[in-house]
A.B. asks: 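Have a look at this one.
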Amino acid sequence: MLNEINKTEQHLALIVQPLLAWYDANARILPWREQPTPYHVWISEIMLQQTRVEAVKPYFDRFIRTLPDIAALAHAPVEQLLKLWEGLGYYSRARNLQKAAGLMLDKYGGELPRSYEELRTLPGIGPYTAGAIASIAYGIPVPAVDGNVLRVVARLTACSEDIGKESVKKQMAGMLKQILPDDRTGDFNQALMELGAMICLPRGVAKCASCPVAGLCRARELDIVTTLPVKAAQKARRQEQKTVFVILAQGRVALKQRPAKGLLAGLWELPNENSCLTTAKAQELLALWGVRVDAIHKLPAAKHVFTHLEWQMTGYAVYAANCTAGLIWLKPEQLTENLALPTAFKPYTEQIGVLLATQH
DNA sequence: AAATCGGGGCG
DNA sequence: CGCCCAGATTT
């Protein structure tokens with residue numbers, strides 16, 4: 001067994017030089033590569049967790065302009081932070097970013113710590129991100145194993161094990177650590193990811209004809225590229241019914257803040273109920289909230305898909321006689337400028353302007 | 001080990 | 001519609 005790993009390692013070692021040469025010629029120009037300071041590398045790596053490069057680009061630029069350093073991040077109002085993160089998802093990433101910035105001020109002289117182990121202790125920094133920051137920002141020889149790397153290595157070595165298993169990730173990280181070129185650890189880690197993102201694409205669309213290490217790919221030899229990597233099928237999503245209210249009064253719309261924990265923690269939302277209500281039942285609930293209804297009409301149904309959850313939404317536009325206590329009433333521009341709203345409510349929030357302008 | 005936590009792009 | 005993305009944390 002150990003012998004098998006050694007053989008695989010010797011084989012993998014052959015990719016280092018051609019991969020680096022390919023990276024030198026083909027690396028994308030990305031905002032966080034322009035001035036790869038530890039702070040920039042850190043922010044980009046957190047944003048890139050489970051998120052595509054193209055989606056991150058505009059968020060990264062705006063974030064760095066607004067909060068250019070660790071101190072600015074640590075001292076930013078949390079509402080501003082969440083507004084900068086609005087639409088990017090996995091909002092605990094933003095909160096953890098700020099917690100970690102505080103720790104850097106308190107414990108690390110206002111800088112990122114310079115070792116894998118210390119980075120790993122900070123909130124939001126797991127095995128991948130610690131490896132990425134350590135290697136890219138500080139040249140420390142540690143691997144950075146993300147989804148791209150798992151796919152690339154699984155194919156190069158014709159590994160048919162489930163890449164979701166922790167044991168498989170550790171085995172690959174162990175092999176990569178042995179072959180890391182000491183003088184270019186950050187470039188090597190990025191080159192593996194870049195190859196996965198540009199050439200060694202998921203499913204049946206890998207561009208093997210353009211791959212700098214196609215001649216070293218066991219999966220290609222065996223003609224099993226499209227069957228790799230192997231991943232366990234994921235469970236079906238839980239379905240949830242929702243009734244969402246756009247409640248309007250005196251040129252304002254009613255909002256409320258979500259709980260501090262759980263899904264979309266602390267973000268703002270349109271008042272809603274976890275069931276599909278008829279107009280009559282909706283009126284009863286509104287009465288319970290103290291809303292005096294002048295007019296109510298149904299809005300189109302909408303759906304929002306999360307990773308493990310699906311909202312089937314029905315909506316009501318409600319013209320109210322009063323601005324009820326217990327709800328927060330805002331003018332449309334206050335809403336868009338200051339508060340972070342989840343994308344899930346977009347089908348309804350984007351109608352607020354028109355609904356306010358409509359006579360009822 | 002399994003569940004939770006967003007949102008979007010693409011075949 | 002299902003898969004996957006520069007994953008981490010909690011249970």
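Please read all numbers here as calculations on a predicted model, not as lab measurements. Residue numbering restarts at 1 for every chain, and letters A, B, ... go by the order of the sequence lines.
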A.B. asks: Using a 4.0 Å heavy-atom cut-off, does A/R95 contact any base of the nucleic acid, only the sugar-phosphate backbone, or nothing at all?
C.D. replies: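 If one applies the 4.0 Å heavy-atom cut-off, A/R95 turns out to touch nothing in the nucleic acid.
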A.B. asks: How many whole angstroms separate atom NZ of A/K170 from atom P of B/dA1?
C.D. replies: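 Spelled out: NZ on A/K170 to P on B/dA1 is 9 Å.
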A.B. asks: Specify the separation, in whole Å, of atom CH2 of A/W311 and atom C1' of B/dG6.
C.D. replies: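 For the pair A/W311 CH2 and B/dG6 C1', the rounded distance is 10 Å.
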A.B. asks: Using whole Å, report how far CG of A/L97 lies from P of C/dA8.
C.D. replies: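 Atom-to-atom, A/L97 to C/dA8, this comes out as 13 Å.
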A.B. asks: Does the separation of the ring centres of A/Y90 and A/W85 fall below 6.0 angstrom?
C.D. replies: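 Not under 6.0 Å, so no.
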A.B. asks: For atom CD of A/E350, is the number of surrounding heavy atoms from other residues, nucleotides or ligands below 6.0 Å larger than 12?
C.D. replies: yes
A.B. asks: Check the angle between the aromatic planes of A/H304 and A/W311 and answer parallel, tilted or perpendicular using the 30° and 60° thresholds.
C.D. replies: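 A/H304 and A/W311: tilted rings.
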A.B. asks: Step by step, work out the salt bridge (Lys or Arg N to Asp or Glu O under 4.0 Å) result for A/R218 and A/E221.
C.D. replies: CA-CA 5 Å; A/R218 297 280 195 236; A/E221 267 180 52; 3.2 Å; yes
A.B. asks: Without hydrogens or angle criteria, can the side chains of A/K298 and A/T314 be said to hold a donor-acceptor pair below 3.5 Å?
C.D. replies: yes
A.B. asks: Taking B/dC5 as the reference, what is the distance to C/dC4 when you measure between their C1' atoms (whole Å, please)?
C.D. replies: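 Their C1' atoms lie roughly 16 Å apart.
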A.B. asks: Using only side-chain N and O atoms of A/H304, determine if any of them is under 4.0 Å from OP1 or OP2 of B/dG6.
C.D. replies: no
A.B. asks: Examine the base of B/dG7 for any acceptor or donor lying under 3.5 Å from a partner atom in the side chain of A/T343, and report the outcome as yes or no.
C.D. replies: no
A.B. asks: Indicate whether OP1 or OP2 belonging to C/dC5 is found under 4.0 Å from a side-chain N or O atom of A/R151.
C.D. replies: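 Indeed, a polar side-chain atom of A/R151 lies that close.
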A.B. asks: Apply salt bridge (Lys or Arg N to Asp or Glu O under 4.0 Å) to the pair A/R33 and A/E194, showing each step before the final yes or no.
C.D. replies: CA-CA 13 Å; A/R33 287 179 177 164; A/E194 194 88 354; 2.9 Å; yes
A.B. asks: Would you kindly compare A/V305 and A/S167 by the position of their nearest DNA chain B nucleotide and give the one closer to the 5′ end?
C.D. replies: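 Its nearest nucleotide being more 5', the pick is A/S167.
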A.B. asks: Classify A/K303 by what it touches in the nucleic acid, base, sugar-phosphate, or nothing, heavy-atom distance under 4.0 Å.
C.D. replies: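 If one applies the 4.0 Å heavy-atom cut-off, A/K303 turns out to touch the sugar-phosphate alone, with no base involved.
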A.B. asks: Check this for me: does any side-chain nitrogen of one of A/R184 and A/D24 sit under 4.0 Å from a carboxylate oxygen of the other?
C.D. replies: yes
A.B. asks: Distance between the C1' atoms of C/dA6 and B/dA3, in whole angstroms?
C.D. replies: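 Approximately 23 Å lies between the C1' atom of C/dA6 and that of B/dA3.
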A.B. asks: Under 4.0 Å, heavy atom to any atom of DNA chain B: which of residues 30-60 of chain A qualify?
C.D. replies: A/Q50, A/T51, A/R52
A.B. asks: Does B/dA2 have its OP1 or OP2 closer than 4.0 Å to a side-chain nitrogen or oxygen of A/K235?
C.D. replies: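 Result: no.
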A.B. asks: For the residue pair A/T121 and A/E118, confirm or rule out a side-chain donor-acceptor distance under 3.5 Å.
C.D. replies: no
A.B. asks: Provide, to the nearest angstrom, the distance between the OH atom belonging to A/Y90 and the P atom belonging to C/dG7.
C.D. replies: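 Whole-Å distance recorded here is 10 Å.
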A.B. asks: For the pair made of CZ in A/R237 and C1' in B/dC5, what is the distance, rounded to whole Å?
C.D. replies: 14 Å
A.B. asks: Starting from P on C/dA8, measure out to CG on A/L122 and report it in whole angstrom.
C.D. replies: 13 Å
A.B. asks: When you measure from the side-chain N and O atoms of A/H308 to the phosphate of B/dC5, is any distance below 4.0 Å, counting only OP1 and OP2?
C.D. replies: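 Yes.
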A.B. asks: What nucleic acid atoms does A/G87 come within less than 4.0 Å of, heavy atoms only: base, sugar-phosphate, or nothing?
C.D. replies: sugar-phosphate
A.B. asks: With sugar-phosphate meaning primed atoms plus P, OP1 and OP2, does A/Y128 contact a base, only sugar-phosphate, or nothing at under 4.0 Å between heavy atoms?
C.D. replies: base
A.B. asks: Is there a side-chain hydrogen bond (donor to acceptor under 3.5 Å, both in side chains) between A/E45 and A/Y128? Walk through the geometry before answering.
C.D. replies: CA-CA 9 Å; A/E45 290 300 342; A/Y128 161 75; 2.6 Å; yes
A.B. asks: Please work out if A/I125 contacts a base, only the sugar-phosphate, or nothing of the nucleic acid, heavy-atom cut-off 4.0 Å.
C.D. replies: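 Sugar-phosphate only.
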A.B. asks: Please report, rounded to the nearest Å, how far the C1' atom of C/dC1 is from the CZ atom of A/F306.
C.D. replies: 18 Å
A.B. asks: Grab the CG-P distance between A/L263 and B/dA3 for me, whole Å please.
C.D. replies: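 For the pair A/L263 CG and B/dA3 P, the rounded distance is 17 Å.
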A.B. asks: Rounded to whole angstrom, note down the P distance from C/dA8 over to B/dG8.
C.D. replies: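 Those two atoms are separated by 22 Å.
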A.B. asks: Classify A/G204 by what it touches in the nucleic acid, base, sugar-phosphate, or nothing, heavy-atom distance under 4.0 Å.
C.D. replies: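 A/G204: no heavy atom of the nucleic acid under 4.0 Å.
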A.B. asks: Give the nucleotide from the list B/dG7, C/dA6, C/dT9 with an atom nearest to the side chain of A/N96.
C.D. replies: C/dT9
A.B. asks: On DNA chain B, nearest-nucleotide positions of A/E166 versus A/Y91: which is more 5'?
C.D. replies: A/E166
